Amino acid sequence: MSTYLSELNDVQRQAVEALEGPVMVIAGAGSGKTRVLTYRIAHLMNNGVDSFNILALTFTNKAAREMKERIAKVVGHSEAKNLWMGTFHSIFARILRVEAPLLGYPSNFTIYDQQDALSVMRKVITDLQLDKDIYKPKQMLNRISQFKNNLITVRAYFNNPELIEADEAAMKPKTGEVYRAYVERCYKSGAMDFDDLLLRTNEVLTRFPEVLAKYQDRFRYIMVDEYQDTNHSQYLIVKALASRFENLCVVGDDAQSIYAFRGANIRNILGFQKDYPDAKSFALEQNYRSTQNIVNAANDIIAKNKDQLKKDVWTSNDEGKTIPVYRALTDIDEARFIASRIFEIKMRDQLNNNDFAVLYRTNAQSRAIEEALRKKNIPYRIFGGISFYQRKEVKDLISYLRLLINTNDEEALLRVINYPKRGIGLTTIQKLTVFADEQKMTLYEVLENLSLYGPRTGLNGGTLNKLHNFITMLQSFQVKLKTHDVFEVALEVAKQTGLLKELRDDDTPEGISRLENIQELLNSLQGFVEEQQQLDEGNPSLANFLEDVALATDMDNEDEDADKVALMTVHLAKGLEFPIVFIPGLEENLFPSMMNLNTRLELEEERRLFYVALTRAEKQAILSYSVSRQRWGKIIDAEPSRFLEEMDDKYLDWENPTPMLPVNNSGLSGDLFGDKPVPRFKKKSQPIKKKLTNTTQTLRPLKQAQVNPGDADHQTIEEGYTVVHDRFGKGKVLSLEGEPDNVKAKILFDNSGEKKLLLKFAKLRVLSKN
DNA sequence: GAAGAGCTATTTTTT
DNA sequence: ATAGCTCTTC
């Protein structure tokens, strides 16, 4: 019957067809895991299961989006529309919008990202008059994250002598107070951090059986991707929701568990059979992605780990090339090697830039590589690092918007109350805060009733006036929000607050880029409004947009088809694949990381991380290490990574260092693991260094060029063109209509059906003209 | 209250 | 090395 089943191998098909009861799919790297998941969901629907009753939890938004698209291809997009598919965080944020009031949160609660959380924590520690060198905000945040992920509430903490003792032993006896103050502060602001989204979901489900019953009844079929990277909190949610029908299918690979540092518990997957004794279990072991050399080398690596499920990954693909291992003399040399090699392979094999990825252990490694790529004019795209929505200027504007939705959002308020500068300084804020605390009110409540409370705050008339102006302005935005769409309001905010002017006045390259980012944000708001209107998903609400923003990662803003070399950390590369993958920095203390050498468990996670990196490669993996590297502003010596020695030499091709000099191409011999300096190279390398520093550019190209409303190249779209839209994908232009300045295009998208889009805002790319 | 100078932590990974 | 933070000065 269904053609998709014929696209599966035996085990895959069995896993797809096991629709009822608990199922575990252990999916080796490149074994078609996503295919199984998508077809399984499609199969459910083809067997009469209402998409309304299916919940699919993924690790990233991107994975959810891609999977949804693929499912739509099988069952049609109108069918796929009702599927609940997304990350734990986004799905349960949506549920909490409805249920959080049961816990005393407003339904328009703000989601605090890492930055917000850190800022709250800093304030907490200052408030409690603790030494921030002992109570390091980041560390405290991590500790609290651990508590939350293990469902240890503040009260539970104080009832747990073991935890208290542990914190006392760590010389942080006030940890409980910090925890309490942090939670209270968030609560008062009507805000949840990432961990809260899971913790509060658990709380609602436990405390309100009728709510649990509602969602149990709704989500009759539950699927969890990347199960090896779920934490305890997520585990409990899944368990609770699935306990009625037990139609739970988890998919994952214990060998690719790489998020222990943020609470992922590999025992969730290792113990699935214990939780569900009659679970069916399938192991996908055939790798369709990589060459034999890569698969075998990766198997060598992972075999060194003790904690794992038995699995025998194999491939019938070509043997492939051996894996080059390049020994660089410096990190700059390594970067230059990567750039040159990309250039060579690209020419030789006629590949595109986006066939290449460079996967590194730490973000800091990207710098040298970027520089080398720029020098060779190879376009690249950096993933991760600071995401678009975390940039200062973007976050400033967003904070204004957040404040309109949730006036108690203190982080947002404090961020914008004096930005752009309007003469409301620290002293003023302190006086206000003190008064608000005394009155058990939020800052905003005091500001709202300034004429009443003003005289009692001890602030002078001039300052009160400034505050009054500020609050009046905010209120005018709120009024406007009732009658205008969020794009118009945001534009008004940007103008009225002086934020736009502030950025316009700054004509440094950084300032220009900031202005561009604001424009980009406004564009995406406009796009959001358009899209929501077209999708008929009720009134486009600012709250929805802000939620997307809070949970968005850098991966989500990707222009998929851009022909650029991908640069990212290994963590971010999970689930992706590339024909050619570079893994630089294979040195002790870097990969494996210095921080993870203490226990076997930590080292095993590093090893899995390397396993993940290696198995991203389809045709070729290219490894490198350097004998010296700039770190902490100093040059330090480095030893090759132990992981290099864990692979059988027969899979590897140790390359001697060849200086990438334009003139001198003489190969230099050096011991593979020796670290003798090569004097000849050092001399020659001098002029290069000079050149490199001269070409240093501070600006990294940010996303696509921003789209200005009214941009000329939008006019070039005509009837019959095949175009690509950021979200809707590929489609054909059926007709054009409207004023020259407001042309709307009727487009039939392959996966999303027919849409009418305003050309000036829909970022369309012409794919072909017929 | 704002601007500039100096200091210091940061480099492990992130929904 | 660098950005962000804190302190000092006007």
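Quick note on labels: first sequence line is chain A, next is B, and so on, each numbered from 1. If you're wondering where the values come from, they're calculated on a predicted model, not measured in any experiment.
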Can you tell me if the side-chain N/O atoms of A:Thr569 get under 4.0 Å from OP1 or OP2 in B:dT12? no
Grab the CZ-P distance between A:Phe610 and B:dT13 for me, whole Å please. 18 Å
Do the side-chain N and O atoms of A:Asn149 and A:Asn231 include a donor-acceptor pair separated by under 3.5 angstrom? yes
For atom CD of A:Glu588 and atom C1' of B:dT12, their distance in whole Å: 15 Å
What's the NE2-C1' distance between A:His571 and B:dT13, to the nearest Å? 4 Å
Within the 4.0 Å heavy-atom criterion, would you say A:Arg122 contacts the bases, only the backbone, or no part of the nucleic acid? sugar-phosphate
Can you find a side-chain donor-acceptor pair between A:Asn460 and A:Thr463 that sits under 3.5 Å? yes
Using atom CD of A:Gln146 as one end and atom P of B:dT14 as the other, report the distance to the nearest whole Å. 18 Å
Please work out which residues in residues 261-268 of chain A have a non-hydrogen atom less than 4.0 Å from an atom of DNA chain B and list them by number. A:Phe261, A:Arg262
Integer-rounded Å distance: B:dT14 P and A:Glu605 CD: 12 Å
A:Thr60 side chain near B:dT15 phosphate (N/O to OP1/OP2, under 4.0 Å): no
For A:Asn406 and A:Thr110, which I'm curious about, is there any donor-acceptor pair between the side chains at under 3.5 Å? yes
Please classify the nucleic acid contact of A:Asn363 as base, sugar-phosphate, or nothing, using heavy-atom distances under 4.0 Å. sugar-phosphate
Figure out the CD/P separation between A:Gln390 and B:dT14, and round it to whole Å. 11 Å
Tell me: CD of A:Gln630 to P of B:dT11, nearest whole Å? 17 Å
Touch check for A:Asn418, heavy atoms < 4.0 angstrom, all strands: base, sugar-phosphate only, or nothing? sugar-phosphate
So what does A:Leu426 touch, heavy atoms closer than 4.0 Å: a base, only the sugar-phosphate, or nothing? sugar-phosphate
Report the nucleotide, chosen from B:dA9, B:dT14, B:dT11, that has the shortest atom-to-atom distance to any side-chain atom of A:Leu572. B:dT14
Nearest heavy atoms of A:Ser641 and A:Phe591, plus distance in Å: OG-O, 2.8 Å
Determine the interatomic distance between C1' on B:dT11 and the same-named atom on C:dT6; round to the nearest Å. 22 Å
Just so I know, are the side chains of A:Glu587 and A:Ser626 near enough to count as touching, which here means a heavy-atom distance under 4.5 Å? yes
Name the residue closer to the 5' end of DNA chain B, choosing between A:Gly423 and A:Leu198 according to the nucleotide with the nearest heavy atom. A:Gly423
Hey, can you tell me if A:Tyr215 and A:Phe219 have their rings parallel, tilted or perpendicular (30° and 60° cut-offs)? parallel
Take a 6.0 Å sphere around NZ of A:Lys136 and say whether it holds more than 12 heavy atoms from other residues, nucleotides or ligands. no
Say we look at B:dT12 and C:dC5: how far apart would their C1' atoms be, to the nearest angstrom? 23 Å
Between A:Arg361 and A:Thr463, whichever has its closest DNA chain B nucleotide further toward 5' is A:Thr463
Contact under 4.0 Å: A:Ser593 side-chain N or O vs B:dT11 OP1/OP2: no
Under 4.0 Å, heavy atoms only, any strand: does A:Lys466 hit a base, just the sugar-phosphate, or nothing? nothing
Over all atoms of both residues, closest heavy-atom pair of A:Gln630 and A:Asp331: N-OD2, 3.2 Å
Tell me yes or no: between the side chains of A:Asp193 and A:Tyr182, is some donor less than 3.5 Å from an acceptor? yes
Does A:Thr427 reach a base, just sugar-phosphate, or nothing at all? Heavy atoms under 4.0 Å. sugar-phosphate
May I ask you to say what A:Phe88 touches in the nucleic acid, namely base, sugar-phosphate or nothing, with a heavy-atom cut-off under 4.0 Å? nothing
Distance, rounded to the nearest Å, where A:Arg367 contributes CZ and C:dT2 contributes C1': 7 Å
A:Lys138 side-chain N/O to B:dT11 phosphate OP1/OP2 under 4.0 Å: yes
Choose from B:dT14, B:dA9, B:dT12 the nucleotide whose nearest atom is closest to any side-chain atom of A:Asp133. B:dA9
Base, sugar-phosphate or nothing for A:Gln114? Non-hydrogen atoms, less than 4.0 Å. base
